[in-house]
Amino acid sequence: MGVIRQEVRRLDNLVGDFLQFSRSNRVQYRPTALDALVDEVTRLVRPEARAAGVTLRRQRVGEPIPDLRVDPEKMKQVVINLVQNAIEAMPEGGVATLESGLVDGRAVLVVRDSGPGLPEGLDVFQLFVTTKAHGTGLGLSIAQQIVLEHGGEIVAVNNPAGAPPSR
């Protein structure tokens with residue numbers, strides 16, 4: 001029975017991710033304060049991070065970001081996904097840092113973690129690619145689709161634990 005329940009949960013998550021992926025083209029743009037949105041996500045996921053032994057840090061870089069025309073719910077989904085991935089990348093605990101600001105005239109959001117890094121050559125944005133035992137491999141694909149719909153770009157930079165941080 002336990003295996004069946006676990007498989008049903010996995011399939012339910014997969015179907016939910018597929019539904020999110022298929023609905024992601026319904027974008028409702030409105031002026032949004034990205035810095036405030038990141039602050040809200042930080043508050044929202046802090047209990048989950050704390051339970052996993054992860055410290056969340058919030059930092060501002062550059063200048064404050066003026067309101068941007070984005071879909072705030074979709075952008076919140078992107079940030080939550082990135083932070084949850086960072087938390088899951090550190091099963092023994094660690095530090096996840098959320099940075100946002102206007103740098104060289106561009107709105108920048110960086111989610112950085114102190115985890116072990118990504119396997120060499122892995123494209124985490126490909127459908128069904130995951131390093132997690134219970135992941136569907138759709139979360140970062142959905143995040144990428146949302147960011148691209150907003151005219152942005154999203155990249156994953158591999159900095160294994162101990163390597164100096166990059167921008």
Task: I154 reachable from I65 in the ILVMFWY side-chain graph, under 4.5 Å edges - done: yes
Open item on the list: Any non-hydrogen side-chain atom of V83 less than 4.5 Å from a side-chain atom of L56?
Closed with: yes
Open item on the list: I'd like to check I142 versus Q77 (side-chain heavy atoms, cut-off strictly below 4.5 Å). Are they in contact?
Closed with: yes
Task: Closest approach of S100 to D35 (non-hydrogen atoms, all atoms of both residues) - done: OG-OD1, 2.5 Å
- [ ] Decide whether V110 and V95 are clustered together by the hydrophobic rule: side chain heavy atoms of Ile, Leu, Val, Met, Phe, Trp, Tyr closer than 4.5 Å, transitively.
- [x] no
Task: Pair E73 + K76: basic N to acidic O under 4.0 Å - done: yes
TODO: Taking only Lys NZ, Arg NE, NH1 and NH2, and the carboxylate oxygens of Asp or Glu, determine whether D39 and R60 approach each other closer than 4.0 Å.
DONE: yes
Open item on the list: Starting from M75, can I reach L148 by hopping between I/L/V/M/F/W/Y residues whose side chains sit under 4.5 Å apart?
Closed with: no
- [ ] Might you point out which heavy atoms bring D71 and Q28 nearest each other, and give the distance in Å?
- [x] OD2-N, 2.8 Å
- [ ] Compare every heavy atom of G94 with every heavy atom of M90, then report the nearest pair and how far apart it is.
- [x] SD-CA, 3.9 Å
Task: Member of V79, L37, L98 meeting the side chain to side chain contact (heavy atoms under 4.5 Å, CB included) criterion with T42 - done: L98
Open item on the list: With a 4.5 Å cut-off on side-chain heavy atoms, are V78 and K74 touching?
Closed with: no
Open item on the list: To check you understand the geometry: which heavy-atom pair defines the closest contact between D113 and G115, and what is its length?
Closed with: OD1-N, 2.7 Å
Open item on the list: Please give me the minimum heavy-atom distance between N158 and G117, naming the atom from each residue.
Closed with: OD1-CA, 3.2 Å
